[in-house]
Amino acid sequence: MGLSSERYIAIRLLIMYLDSRKSAQVSEIVKGFDGFDPTVHNCLINANIQWGNLDQARRLFDEMPERNEVSWTALISGLMRYGRVDESMWYFERNPFHNVVSWTAAINGLVQNGLNAEALKLFLKLLDSGVRPNSVTFTSVLRACAGFGEIGLGMSVLGLIVKTGFEHNISVSNSLITLCLKTGEKALARRIFDQMEKKDVVSWTAILDMYVGMGDLREARRIFDDMPERNEVSWSAMIARYSQSGHPEEALKLFLQMSGNGFVPNRSCLAIILSALATLEDLRVGMNIHAHVVKIGYEKDVFISSSLVDLYCKCGKTKEGRVAFDSMLEKSVVSWNSMVGGYCLNGQMEEAKVLFDSIPAPNNVSWNTMVGGYLENKEFDKVFEVFNEMLLCGETPNTSTFSSVLSGCASIASLEKGKNLHGKAIKHGTQYDVFVGTALVDMYAKSGDIKSSKKVFDRMPEKNEVSWTVMIQGLAENGFTEESLLLFEEMNRTSIVAPNELMLLSVLFACSHTGLVDDGLQYFNSMEAVYGTKPKGKHYTCVVDILSRSGRLVEAEELLKSMPFEPETNAWSALLSGCSKHKNEEIAERTAKKLWELVEKNSAGYVMLSNIYASAGRWVDVLNIRRLMKDRGLKKSGGCSWVEVKNEVHCFYSEDASHCQLAEIYDLLELVRFEMLAI
DNA sequence: GTAGGGTTAG
């Protein structure tokens, strides 16, 4: 192969065949070269690195009778890419061609492997050696600075950048913006962006991301719309942000728009959109995308296939999700977590546990998935069991863990466990998180310690809708109805959080228990007009209760009749008890009749009715109903109360005396009663 | 040899 153009064509062909992995054609081309050719060897090395055959690449390199600078750099960066830092550095030190490119390859490799300090040390050595850094070197070095999260370091590098005249380089400026964003210097990032003479898609996307990080999706979208040019990455960025910020429908809209504009979604974008579709539980479109993914041969991508597992599971199809999961050649811990989470979501806790136990390297998300799964499926004992196991395994609980386990405490009203966890949460520095704070407020409130609940709430640096809801609800249900109403008003004055259904229910509940009839009516009437939430059955019931208690029975009955949907049984019984309290035979008659009709349908109605008769002192009627229930084989779902002793909750059921220490308990009670009588 | 976007849990 003498002519240089002939050689050039052969090498282009070789690269092409290597790209499409056509080995027969590759060896044919290689044979066409007589003797050793370093460029051919370099191509083979690069291809093997690309395929992950590191040892083959190394062998090829070691066999070379002579190597050029490209050979050295290829191996150094290749080894770095797969985390083989020491080997890479071994070659770097023996590299006779100490040019900028190989220095930069090593520096960047160290950064890629999270060894930021080593990277900066190597950069200082580079400066000592007299080799001049270039723009690529600076982007890597700035990334190392960003890894430290400290802007000062970056600023001293900036001095060097200015001195060497790279401050107007686009890549360098882009890296500077990224550094500023990672260190929280948003104003500076914006200034650098504004001062750039030339901006590219990367600059625009970086600044777009800044506004998303600040929670300002609107401004981000404005920037996206104003971008002079876009590529598939900027589209993906905006789509991803919508999806991650709880707007999957916007993400889908933009995705369709992107395709309409002729952009072909890449792997990242497909993973993002599948995740958005999972959130939307849109199986139809999701399956379309799945088909497309298979068609273009992307189904082996770990990100995409993990999203597919998630999609099927979120749509309730754990079987299909499992098929997708089982067919994955390469699984990441995220794939495992998605499948485990899928089982949890669909109440298949046994399958979830089996799969969880076989995760090769579970991370804290895996553990949190199990903890959250047991919580959602109300297996509270297991919540604490898994949590303890997690601690024993040395896994660090995070905000997600604590918020789940604390919710578990709230559900079983276990103050002792809750307090213990509060301490642990503080120890792990998670107490100022919104989720943890909210779970603490709820836990204390549900356990009856409203003081602690309020204390935690007042100290929360950030409050969301749920935080306000649980506090308002907690106050109302613990009898602090005035405080509850005051807090609701405070929220309306001071926070951007809008009242939701649950809060308004608590507010109405508070009004009914404080006898604030007109306030209650006013809140009720402003639900739709002011707060934009349609009253549900429970709200109507509460208002009927408010009116009935205060004797405004005609209004209560009117309200019930004017409802746009069927009222709850409770609403009728509230009216009936109002009637018996305020002695209105006429309305009572009609209401009782209505109740009897409803009562036929379920046992709860019978119980309610018997309770109403009981509270009105109509014992004969009570007995009649009880007898009727027995005749028809209906059983009341039992009431239960519980106490917590030494970290264990003991339940006592009204009609089922089954506690293991029942005899002893009764003995002791008798003793206490005797002592009391003696005094 | 480089800068921006990817999947899971509360």
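Just so we're on the same page: letters track the sequence lines, and every chain starts at 1.
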Residue from A:N231, A:N174, A:T205 passing side-chain hydrogen bond (donor to acceptor under 3.5 Å, both in side chains) with A:D200: A:N174

A:K353 and A:E350 ion-paired at < 4.0 Å: no

So which nucleotide from B:dT8, B:dG4, B:dG1 ends up closest to the side chain of A:V101? B:dG1

Using OP1 and OP2 only, check whether a side-chain N or O of A:Q244 sits under 4.0 Å from B:dG5. no

At under 4.0 Å, does any side-chain N or O of A:N108 touch on OP1 or OP2 of B:dT2? yes

How would you label the contact of A:S171 with the nucleic acid (heavy atoms, under 4.0 Å): base, sugar-phosphate, or nothing? base

Do A:W468 and A:F457 make a side-chain contact, defined as non-hydrogen atoms from C-beta onward lying under 4.5 Å apart? yes

For the side chain of A:S307 and the base of B:dT7, is some donor closer than 3.5 Å to an acceptor across the two? no

Do A:N266 and B:dG6 have a side chain to base donor-acceptor pair shorter than 3.5 Å? no

Does A:R267 qualify as a cation-pi partner of A:F303, given the criterion of NZ or CZ under 6.0 Å from the six-membered ring centre and within 45 degrees of its axis? no

Side chain of A:T104, heavy atoms from C-beta onward: which of B:dG1, B:dT2, B:dG5 has the nearest atom to it? B:dG1

Could you state the CZ-P distance from A:R132 to B:dG1, rounded to the nearest angstrom? 22 Å

Rounded distance (Å) that lies between atom P of B:dT7 and atom NE2 of A:H290: 18 Å

Between A:R230 and B:dG4, is there a side-chain N or O to OP1/OP2 distance below 4.0 Å? no

Nearest of B:dT7, B:dG6, B:dA9 to any side-chain atom of A:K314? B:dA9

Checking contacts here: which listed nucleotide (B:dG6, B:dA9, B:dT2) is nearest the side-chain heavy atoms of A:Q112? B:dT2

Testing B:dG4, B:dG6, B:dG1 for proximity to the side chain of A:V136, the answer is B:dG1

With respect to the side chain of A:N368, which nucleotide from B:dT8, B:dG5, B:dA9 is positioned closest? B:dA9

Is the distance from OP1 or OP2 of B:dT2 to the nearest side-chain N or O of A:R143 less than 4.0 Å? no

Just call it for A:D433: base, sugar-phosphate, or nothing, with non-hydrogen atoms closer than 4.0 Å on any strand. base

Selected nucleotide, minimal atom distance to A:S234 side chain, candidates B:dG4, B:dG10, B:dG5: B:dG4

Salt-bridge contact A:E250-A:K253 (side-chain N to carboxylate O under 4.0 Å): yes

What about A:D301: does its side chain form a donor-acceptor pair under 3.5 Å with the base of B:dG6? yes

A:S268, nearest nucleotide to its side chain (from B:dA3, B:dG1, B:dG6): B:dG6

State whether A:K317 and A:E320 are salt-bridged, where the test is any N-O pair (Lys NZ or Arg NE/NH1/NH2 against Asp/Glu carboxylate O) under 4.0 Å. no

Separation of A:I239 atom CD1 from B:dT7 atom C1', in whole Å? 16 Å

Distance in angstrom units between A:F193 CZ and B:dA3 P, rounded: 19 Å

According to a strict under-4.0 Å criterion, is A:S275 in side-chain N/O contact with OP1 or OP2 of B:dT8? yes

Contact class for A:V201 vs. all strands (heavy atom < 4.0 Å): base, sugar-phosphate, or nothing? base

From CG of A:N377 over to P of B:dA9, roughly how many Å is that when rounded to an integer? 15 Å

Go through the N and O atoms of the side chain of A:N231 and the base of B:dG4, and report whether any donor-acceptor pair is under 3.5 Å. yes

Heavy-atom check, side chain of A:T399 versus side chain of A:F435, under 4.5 Å: no

Between B:dG10, B:dG4, B:dG6, which nucleotide has the shortest distance from any of its atoms to the side chain of A:T399? B:dG10

Output the rounded distance in Å from CG (A:L311) to C1' (B:dG6). 16 Å

Could you tell me how far apart A:N169 (CG) and B:dA3 (P) are, to the nearest whole angstrom? 13 Å

Nearest-neighbour nucleotide for the A:T178 side chain, B:dG1, B:dG4, B:dT7 considered: B:dG4

What is the distance, to the nearest angstrom, from the CG atom on A:L308 to the P atom on B:dT7? 14 Å

If you look at every strand shown and take non-hydrogen atoms under 4.0 Å, does A:T369 touch a base, only sugar-phosphate, or nothing? sugar-phosphate

